[in-house]
Asks: 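Supplied in structure tokens, the structure appears directly below.
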Amino acid sequence: MRYRCTSPTAEESVSEILPRVAGWLTPAQAAILSELASHIPVGTHIVEFGSFLGRSTLSLLSGASEDVTLYAVDPYAGDEVGPRPGRTAHSGVDPETTHLEFHKNLGLAGAEGRVTHLRIRSEQTPDDVLEGAGLVFVDGSHRFRDAAQDLRRVCGRLTPGGWLAVHDAFYSVGVTLAITTVLLRRPDFTYRGRSGSLAVYRRTGRGPDGGGARPSRGNRLRQVAELPTLGGVCVRKTGLLIAAACSAGDIDARWPH
């Protein structure tokens, strides 16, 4: 189902509304998404899997040219696996309320004409939407099966020269396993580095097998070198969960992302 936001009553710029939108995207990661959006191939659009309240959506729009459309894919079903174990992305909040808040934030930023919201699961995203994308931001389910499926679909359809950004990379077990299963084996996707849990890749080849080429040793080693990060993050997360079990303190603000 496709949605368009209603017109805002008091329009603000994206840069003004963005700091007030809650989410797990750090300011540095938001800046990277904005920068990537400013470099997408001509004639392409942007796709994001997982919008929540619109923090990543607005970050992407802040760097994209005015004529670029963004497809925001989020079902707001209430069962999506969030960054913390045992909690969904909408824990404690009615998913319909979250959905309405997302549209409200886009409306306040005057972005209603630039965003097409697909209220479907990522696996239901039409092929033509992915095939015309110059940048895809993946921040959907953190389950290994779901994350791997998302990456496989994107990798097979992203425009050559296009960008792929993956959130919770090397910070989530499921997402990291998906990366090592899918991206580590592909010679047509070059790892460009990360900021916290936001990993960036660029598609440098045309076919699913990179034209018969094998993944370069350097490209694979750069990704493998990030794996110890997951171990350190898991230790930090375990400590926070133990602390939360021993007290009523809120650990969301300290959760690694």
Asks: Over all heavy atoms of both residues, which pair between Ala147 and Ser141 is shortest? Give the atoms and the distance, please.
Replies: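 Closest pair (atom of Ala147, atom of Ser141, distance): CB-O, 3.9 Å.
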
Asks: Out of the candidates His45, His117, Glu48, only one should pair with Leu70 under the side chain to side chain contact (heavy atoms under 4.5 Å, CB included) rule; please name it.
Replies: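 That would be Glu48; it is the only one of His45, His117, Glu48 passing the side chain to side chain contact (heavy atoms under 4.5 Å, CB included) with Leu70.
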
Asks: Do Asp74 and Ser51 get their side chains close enough for a donor-acceptor pair, meaning under 3.5 Å?
Replies: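 Per modelled atom types, Asp74 and Ser51 side chains form no pair under 3.5 Å.
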
Asks: Tell me, with the steps shown, if Leu227 and Phe170 meet side chain to side chain contact (heavy atoms under 4.5 Å, CB included).
Replies: CA-CA 6 Å; Leu227 295 179; Phe170 308 112; 4.1 Å; yes

Asks: Assess whether side chain to side chain contact (heavy atoms under 4.5 Å, CB included) is satisfied between Asp139 and Trp24, documenting all intermediate values.
Replies: CA-CA 10 Å; Asp139 191 18; Trp24 293 281; 5.7 Å; no

Asks: Within the 4.5 Å heavy-atom criterion, are Arg152 and Thr181 side-chain neighbours or not?
Replies: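 Yes, at least one pair of side-chain atoms sits under 4.5 Å.
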
Asks: Less than 4.5 Å apart, any side-chain heavy atom of Gln29 and any of Ser197?
Replies: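 Heavy-atom side-chain distance check passes, below 4.5 Å.
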
Asks: Any side-chain heavy atom of Thr57 sitting closer than 4.5 Å to one from Phe102?
Replies: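 SC-SC contact between Thr57 and Phe102 confirmed.
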
Asks: Are more than 12 heavy atoms from other residues, nucleotides or ligands located less than 6.0 Å from atom CZ of Arg145?
Replies: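 No, because the 6.0 Å sphere around CZ of Arg145 holds 12 heavy atoms or fewer from other groups.
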
Asks: Determine the minimum heavy-atom distance between Ala178 and Ala148, stating which atoms define it.
Replies: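 In terms of heavy atoms, the two residues are closest at CB-N, 3.5 Å.
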
Asks: Under a 4.0 Å N-O cut-off, is there an ion pair linking Glu101 with Arg20?
Replies: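 No salt bridge links Glu101 with Arg20.
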
Asks: Tell me whether Ser34 contacts the main-chain N or O of Ala30 through its side chain, where contact means a donor paired with an acceptor under 3.5 Å.
Replies: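 No; zero donor-acceptor contacts below 3.5 Å.
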
Asks: Can you confirm whether Arg153 sits close enough to Asp127 that some side-chain heavy atom of one is under 4.5 Å from a side-chain heavy atom of the other?
Replies: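 The answer is yes, as the side chains (C-beta and beyond) meet within the 4.5 Å cut-off.
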
Asks: Using the salt bridge (charged side-chain N to carboxylate O under 4.0 Å, His left out) criterion, which residues pair with Arg202? Sequence neighbours excluded.
Replies: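 Listed in chain order: nothing, the list is empty.
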
Asks: Check whether any side-chain N or O of His39 sits under 3.5 Å from a backbone N or O of Ala37 as a donor-acceptor pair, and report yes or no.
Replies: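 Not a single qualifying donor-acceptor pair exists.
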
Asks: So, taking the atom named CG in Leu158 and the one named CZ in Phe189, what distance separates them when rounded to the nearest 0.5 Å?
Replies: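 Rounded to the nearest 0.5 Å, the CG-CZ separation comes to 5.0 Å.
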
Asks: Distance from Leu230 atom CG to Leu177 atom CG, nearest 0.5 Å?
Replies: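 Here the interatomic distance stands at 8.0 Å.
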
Asks: In this structure, is the centre-to-centre distance between the rings of Tyr76 and His103 below 6.0 Å?
Replies: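 No, too far apart.
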
Asks: Once rounded to the nearest 0.5 Å, what's the spacing between atom OH of Tyr171 and atom OG1 of Thr176?
Replies: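 The distance works out to 10.5 Å.
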
Asks: For the OG atom of Ser195 and the NE2 atom of His167, what is their distance to the nearest 0.5 Å?
Replies: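 Result: 8.5 Å between the selected atoms.
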
Asks: Is there side-chain contact between Arg194 and Thr229, with heavy atoms separated by less than 4.5 Å?
Replies: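 They are in contact (side-chain heavy atoms under 4.5 Å apart), so the answer is yes.
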
Asks: Please examine the side chains of Asp188 and Arg203, heavy atoms only from C-beta on, and report whether any two atoms are closer than 4.5 Å.
Replies: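 When only atoms from C-beta onward are counted, Asp188 and Arg203 do touch, with a gap below 4.5 Å.
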
Asks: Any sub-3.5 Å donor-acceptor pair from Arg55's side-chain atoms to Gly23's backbone N or O?
Replies: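 Answer holds: no.
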
Asks: Can you find a heavy atom in the side chain of Trp163 that is under 4.5 Å from one in the side chain of Val200?
Replies: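 Result yes, sub-4.5 Å side-chain heavy-atom pair found.
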
Asks: Are Val73 and Ile120 close enough, and set up right, to give a side chain to side chain contact (heavy atoms under 4.5 Å, CB included), and what steps lead you there?
Replies: CA-CA 6 Å; Val73 181; Ile120 56 178; 4.1 Å; yes

Asks: Going from CG on Leu33 to CG on Leu61, what distance comes out if it is rounded to the nearest 0.5 angstrom?
Replies: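 So the gap between those two atoms works out to 11.0 Å.
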
Asks: Looking only at non-hydrogen atoms, find the nearest pair between Thr159 and Ala133 and report the distance.
Replies: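 Where Thr159 meets Ala133 most closely, the heavy atoms are OG1-O, 2.9 Å.
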
Asks: May I ask whether Leu58 and Leu100 are part of the same hydrophobic cluster, defined by side-chain heavy atoms of I, L, V, M, F, W, Y residues being less than 4.5 angstrom apart, directly or through others?
Replies: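 Different hydrophobic clusters.
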
Asks: What residues form a side-chain contact (heavy atoms from CB on, under 4.5 Å) with Ser122, not counting sequence neighbours?
Replies: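 Ser122 satisfies side-chain contact (heavy atoms from CB on, under 4.5 Å) with Phe49, Asp150 only.
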
Asks: Walk me through it: do Leu151 and Leu164 pass the test side chain to side chain contact (heavy atoms under 4.5 Å, CB included)?
Replies: CA-CA 9 Å; Leu151 292 181; Leu164 168 62; 4.3 Å; yes

Asks: When rounded to the nearest 0.5 angstrom, what is the spacing between OH in Tyr191 and CD in Gln223?
Replies: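 CD of Gln223 is found 7.5 Å from OH of Tyr191.
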
Asks: May I ask you to test the Thr98-Leu53 pair for a side-chain heavy-atom distance under 4.5 Å?
Replies: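 Answer yes - side chains close enough.
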
